[in-house]
Amino acid sequence: MTPDEYMQLALAQAQKAAEIDEIPVGCLIVNPAIGEVITSTHNQNQHTFDATAHAEILAIRQACEKLSQNRLWNMDIYVTLEPCAMCAAAISYSRIKNLYFGAYDEKGGAVVNGVKFYEQKTCHHKPNVYGGIMEKQCSEILKQFFQNKR
């Protein structure tokens, strides 16, 4: 599958989040060597009463559990929104090889925007970063969600 095809699956997760009134962010962890989607998740902060229940955190936890390991060497992560500082750190600590994200997040992002986590000298592992994958579609689902809230 191509990065766009994987991002389309992440967008489907974002849509699931929107349908249950969660901020629509979706995420996949993929083993690119065999093209297997290890896990797919979406934000669940509201329903779990857990501020850390971002799509990326849930995907990392589930993938580590499924694979019975605490590192995700050579795995890819696809997320519809630029990760925040918490999620960028989790991606680093889990040693994910490649980060693909859709929409840039000027306010809360921490990869290309904000603190630029991977550029800090205290960052132990920097994934390869590919932003703007299906950016328009990833941005649109968020815009629509927040417009409906107003």
Side-chain angles (χ1 to χ4, degrees), residues 1-32 34-67 72 74-119 123 125-150:
M1 290 178 66
T2 67
D4 282 3
E5 290 170 319
Y6 285 122
M7 191 60 74
Q8 190 65 45
L9 296 174
L11 273 166
Q13 285 293 316
Q15 183 60 44
K16 286 182 182 182
E19 290 168 4
I20 60 169
D21 204 32
E22 293 278 359
I23 295 174
V25 175
C27 183
L28 306 176
I29 293 184
V30 174
N31 179 342
I34 58 174
E36 178 186 4
V37 175
I38 304 298
T39 188
S40 57
T41 60
H42 55 77
N43 277 0
Q44 295 181 34
N45 309 76
Q46 301 298 318
H47 287 76
T48 60
F49 304 105
D50 181 356
T52 68
H54 290 197
E56 300 96 309
I57 300 295
L58 297 173
I60 290 167
R61 287 177 183 161
Q62 289 175 16
C64 286
E65 184 175 341
K66 183 175 181 178
L67 299 171
L72 298 173
N74 298 313
M75 299 292 164
D76 294 344
I77 190 166
Y78 289 81
V79 61
T80 58
L81 182 64
E82 178 182 352
C84 69
M86 174 181 69
C87 294
I91 291 165
S92 175
Y93 287 124
S94 64
R95 304 302 196 258
I96 288 173
K97 183 176 183 177
N98 297 303
L99 162 62
Y100 297 87
F101 70 87
Y104 292 85
D105 186 352
E106 291 180 15
K107 184 176 178 185
V111 176
V112 175
N113 292 289
V115 299
K116 299 179 182 175
F117 186 85
Y118 303 129
E119 294 179 22
C123 180
H125 169 77
K126 177 182 178 179
N128 300 310
V129 176
Y130 307 94
I133 309 296
M134 296 185 67
E135 180 179 6
K136 183 178 178 184
Q137 297 90 326
C138 292
S139 294
E140 189 57 37
I141 193 170
L142 288 159
K143 288 176 189 173
Q144 192 64 44
F145 178 81
F146 287 112
Q147 281 177 351
N148 293 339
K149 290 286 186 190
R150 293 182 189 132

Please tabulate, for side-chain N and O atoms in residues 91-98, each donor-acceptor pair with protein atoms closer than 3.5 Å (sequence neighbours left out).
residue, atom, partner, partner atom, Å
Ser92, OG, His125, O, 2.7
Ser94, OG, Ala90, O, 3.0
Ser94, OG, Ile91, O, 3.1
Arg95, NH1, Ser92, O, 3.2
Arg95, NH1, Tyr93, O, 3.4
Asn98, OD1, Asn128, ND2, 2.9
Asn98, ND2, Asp76, OD1, 2.8

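- Not a single donor-acceptor pair under 3.5 Å links the side chain of Glu56 to the backbone N or O of Val79.
- For the pair Arg61 and Leu58, the minimum side-chain heavy-atom distance is below 4.5 Å.
- Side-chain atoms of Asn43 do not come within 3.5 Å of backbone N or O of Pro24 as any donor-acceptor pair.
- Shown here for Phe117 and Cys123, the closest heavy-atom pair between the two residues is O-CB, 3.6 Å.
- Using cut-offs of 30° and 60° for the angle between ring planes, the Tyr78 and Tyr6 rings count as tilted.
- In plain terms, the two heavy atoms of Glu5 and Met1 that are nearest each other are OE1-CA, 3.1 Å.
- In terms of the side chain to side chain donor-acceptor pair (under 3.5 Å) criterion, Asn74 has no residue partners (sequence neighbours excluded).
- In this structure the side chain of Ile57 reaches within 4.5 angstrom of the side chain of Met86, judged on heavy atoms.
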Worksheet item: Going through the distances and angles, do Thr39 and Lys66 end up as a side-chain contact (heavy atoms from CB on, under 4.5 Å)?
Response: CA-CA 9 Å; Thr39 188; Lys66 183 175 181 178; 5.8 Å; no
Check residues 129-147 and write down every donor-acceptor pair under 3.5 Å in which the side-chain atom is one partner and the other belongs to a residue at least two apart or another chain.
residue, atom, partner, partner atom, Å
Ser139, OG, Glu135, O, 3.0
Gln144, NE2, Asn148, OD1, 3.4

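- Closest heavy-atom contact between Ala10 and Cys27: CB-N, 4.2 Å.
- Closest of all the heavy-atom pairs between Ile20 and His47 is O-CE1, 2.7 Å.
- Distance check, rounded to the nearest 0.5 Å: CD of Gln15 to NE2 of His42 gives 10.5 Å.
- Around CD of Glu19, the count of heavy atoms belonging to other residues, nucleotides or ligands within 6.0 Å exceeds 12.
- Side-chain contact between Asn45 and Ile23: absent, with no pair of heavy atoms (C-beta onward) separated by less than 4.5 Å.
- Under a 3.5 Å cut-off, the side chain of Glu82 and the backbone N or O of Asp105 do form a donor-acceptor pair.
- Counting all heavy atoms, side chain and backbone alike, Tyr104 lies closest to Leu81 at O-CD1, 4.2 Å.
- Judged by distance alone, with hydrogens and angles left aside, the side-chain atoms of Gln46 form no donor-acceptor pair with the main-chain N or O of Asp21 at under 3.5 Å.
- For the side-chain contact (heavy atoms from CB on, under 4.5 Å) criterion with Leu72, the lone passing option out of Ile77, Ile38, Leu67 is Leu67.
- The two atoms that bring Ala53 and Thr48 nearest to each other are CB-OG1, 3.5 Å, heavy atoms only.
- Side-chain atoms of Gln13 and Leu9, non-hydrogen and from C-beta on, never get closer than 4.5 Å to each other.
- Panel note: side chain Thr41, backbone Ala55; a donor-acceptor pair is recorded below 3.5 Å.
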